[in-house]
Protein chains: 2
Amino acid sequence: MNKKCIIRLLRYKNALHRLNTLGFVKIFSDNLADAVGVTATQVRKDFSLFGISGNKRGGYQIDALIEKLNGLMGKDELQEVVIVGGGNIGTALMKYKGFEKEGIKIVACFDIDPSKYQKKEKEVSVMALEELKDFVKARKIKIGIIAVPEIAAQQVLDHMLAAGIKGIVNFAPIRLRGSADCVINNVNLVLELETVIYFIVNGLNKMIGEIHEDQKS
Amino acid sequence: MNKKCIIRLLRYKNALHRLNTLGFVKIFSDNLADAVGVTATQVRKDFSLFGISGNKRGGYQIDALIEKLNGLMGKDELQEVVIVGGGNIGTALMKYKGFEKEGIKIVACFDIDPSKYQKKEKEVSVMALEELKDFVKARKIKIGIIAVPEIAAQQVLDHMLAAGIKGIVNFAPIRLRGSADCVINNVNLVLELETVIYFIVNGLNKMIGEIHEDQKS
DNA sequence: GATTTATAGTGAAAAAAATCACAAAAAAAC
DNA sequence: GTTTTTTTGTGATTTTTTTCACTATAAATC
């Protein structure tokens with residue numbers, strides 16, 4: 001039961017959700033592997049490790065599988081999330097439709113200069129950074145997104161920790177250090193692009209098909 | 001020389017750039033490790049593997065180090081990149097300032113319905129998807145970003161491949177398969193958030209400080 | 001200029017992760 | 001109802017990745 005395996009399980013769950021809404025009922029380790037980008041053996045091994053079993057020659061029942069994964073990984077109830085930083089990235093995330101489907105709700109955005117933003121119909125409201133603490137404490141919010149410039153990221157992190165945020169996705173292009181008190185997932189958009197560029201410029205595309213994904217195919 | 005190691009080298013380069021602009025001249029494996037989120041041993045091992053050496057008790061000269069890394073990984077000349085999809089994410093990336101510093105230039109965006117967008121001062125222009133192929137071929141662009149809804153992603157990928165794009169960062173929440181002809185880096189924003197949520201909901205924050213980063217501390 | 005100290009460098013060991021190879025069983029075909 | 005086929009399940013093996021434990025060396029100190 002390692003970190004990587006857990007992350008894969010999340011991916012399986014995610015993919016299964018999608019397949020489910022597409023109307024699929026049954027799935028083979030093969031198909032799931034393909035959807036997630038790993039090998040079929042890996043899928044079965046992961047399941048085996050967590051005591052998930054299917055039917056020999058019958059594959060897996062998708063809804064039962066989702067059920068099991070939910071039981072294992074904690075059914076994700078609706079999670080309220082705040083964003084700090086109302087710039088390009090922050091705004092995009094505020095408006096992004098993809099979260100809702102997965103039970104994630106962006107409830108507010110905080111910015112140093114909220115006067116720039118006026119609330120439009122159906123949009124997330126932007127508040128002053130000073131209001132973060134009270135808001136987060138009052139609503140017992142545990143998850144936050146950092147979408148501020150590099151220079152402000154560390155300071156914003158401190159604010160969030162003080163407010164009681166426990167998990168963060170950080171989009172500022174600087175690595176923020178997690179702690180026992182707070183899990184941080186650093187996502188560096190520039191680096192994601194640079195990685196691809198590197199592989200292309202150096203003609204290494206033959207070497208790999210995908211990046212970060214560790215499968216055959 | 002494995003994929004992970006290459007990606008780490010890219011991270012080192014990135015971090016060194018930042019440290020350099022901040023005025024640092026010298027660095028120890030320790031510091032770099034910390035900036036990137038790995039162990040000092042790992043940094044030294046990676047360097048050793050690629051024949052990069054520093055000075056005993058003197059650390060590494062940052063500019064020389066960058067030089068070496070550039071030599072090794074191909075100096076990144078200005079790279080022109082196109083975006084497909086002018087929605088929330090696409091728009092954010094178009095406006096995002098962070099790319100320029102790293103020699104990445106977003107030169108155009110393509111959308112099914114470009115009439116929604118009117119070009120403003122200093123902004124990237126949005127064109128019809130049909131123009132993608134000619135544009136990309138004419139300017140010999142090799143790198144593209146997919147920022148369309150899930151449903152359209154596969155089709156857009158096909159368009160891009162036909163146009164001669166060789167490397168892609170895909171933000172649609174579906175795994176696109178790379179090939180010998182095209183490297184794909186799938187970035188799933190929802191999943192990044194879900195991963196954090198999972199660790200928090202299950203109280204596993206003690207288990208890890210960071211996600212995707214495999215270091216101590 | 002000898003001694004101490006901090007840091008790089010690296011082969012060896014350990015740990016982690018992935019893959020293989022094959023058994024078990026259910027379904028399908030005959 | 002027997003045989004074949006397909007797919008799961010998993011111990012064993014291999015490969016990959018990381019860490020350890022130590023040496024070498026340059027700088028700093030005394």
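Order of the sequence lines sets the chain letters (A, B, ...), proteins ahead of strands, with each chain counted from 1. This one's a predicted model, so the numbers in the text were calculated from it and none came from an experiment.
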Would you mind reading off the distance between [X] atom [atom1] and [N] atom [atom2], rounded to a whole angstrom?
| X | N | atom1 | atom2 | answer |
| --- | --- | --- | --- | --- |
| A:R44 | C:dA21 | CZ | P | 14 Å |
| A:L9 | C:dA17 | CG | P | 13 Å |
| A:R8 | C:dT19 | CZ | C1' | 12 Å |
| A:K45 | D:dG11 | NZ | P | 7 Å |
| A:F50 | D:dG9 | CZ | P | 15 Å |
| B:L65 | C:dG9 | CG | P | 10 Å |
| B:Y12 | C:dA8 | OH | P | 13 Å |
| B:L49 | C:dA12 | CG | P | 15 Å |

Establish, with yes or no, whether the OP1 or OP2 oxygen of D:dA26 is under 4.0 angstrom from a side-chain nitrogen or oxygen of B:Y60.
-> no
In this structure, OH of A:Y198 is separated from CG of B:L9 (nearest 0.5 Å) by 7.5 Å
Rounded to the nearest 0.5 Å, what's the gap from CE on A:M160 to CG on A:L176? Could you check?
-> 10.0 Å
Taking only residues two or more places apart in sequence, or in another chain, which ones meet A:E80 in a side chain to side chain donor-acceptor pair (under 3.5 Å)?
-> A:R139
Set of residues satisfying side chain to side chain donor-acceptor pair (under 3.5 Å) with respect to B:R57, sequence neighbours excluded = none
Closer to the 5' end of DNA chain C via nearest nucleotide, is it A:G58 or A:T41?
-> A:T41
Contacts of type salt bridge (Lys or Arg N to Asp or Glu O under 4.0 Å), residue B:D46, not counting sequence neighbours | B:R8
Tell me, please, which residues at least two apart from A:E100 pass salt bridge (Lys or Arg N to Asp or Glu O under 4.0 Å).
-> none
Secondary structure of DNA chain D in dot-bracket form (Watson-Crick or G-U wobble, distances below 3.5 Å, | marking inter-strand pairs) | ||||||||||||||||||||||||||||||
Sugar-phosphate only, base, or nothing, as touched by [X] at under 4.0 Å among non-hydrogen atoms:
| X | answer |
| --- | --- |
| A:F47 | nothing |
| B:G54 | sugar-phosphate |
| A:S29 | sugar-phosphate |
| B:G59 | sugar-phosphate |

Under-3.5 Å N/O pairs linking protein and nucleotides 1-3 of chain D:
none

Pairwise side-chain hydrogen bond (donor to acceptor under 3.5 Å, both in side chains) hits with a residue in residues 147-157 of chain A, at least two apart = A:Q154-A:D158
Could you work out, with side-chain contact (heavy atoms from CB on, under 4.5 Å) as the rule, every residue matching [X], not counting sequence neighbours?
| X | answer |
| --- | --- |
| A:K68 | A:I52, A:S53 |
| B:F24 | B:L19, B:L22, B:I62 |
| B:N88 | A:A92, A:K95 |
| A:D111 | A:D113, A:K116, A:Y117, A:V126 |

List, with names and distances, any nitrogen or oxygen atoms from the protein found under 3.5 Å away from nitrogen or oxygen atoms belonging to nucleotides 3-6 of chain C.
| from | atom 1 | to | atom 2 | distance (Å) |
| --- | --- | --- | --- | --- |
| C:dT5 | O2 | B:R57 | NH1 | 2.4 |
| C:dA6 | O4' | B:R57 | NH1 | 3.3 |

Hey, which of these two, B:N55 or A:A40, hits DNA chain D nearer its 5' end, going by closest nucleotide?
-> A:A40
Among the candidates D:dT19, D:dG9, C:dA17, find the nucleotide nearest to the side-chain atoms of B:T39.
-> D:dT19
Under 6.0 Å between the ring centres of B:Y96 and B:F99?
-> yes
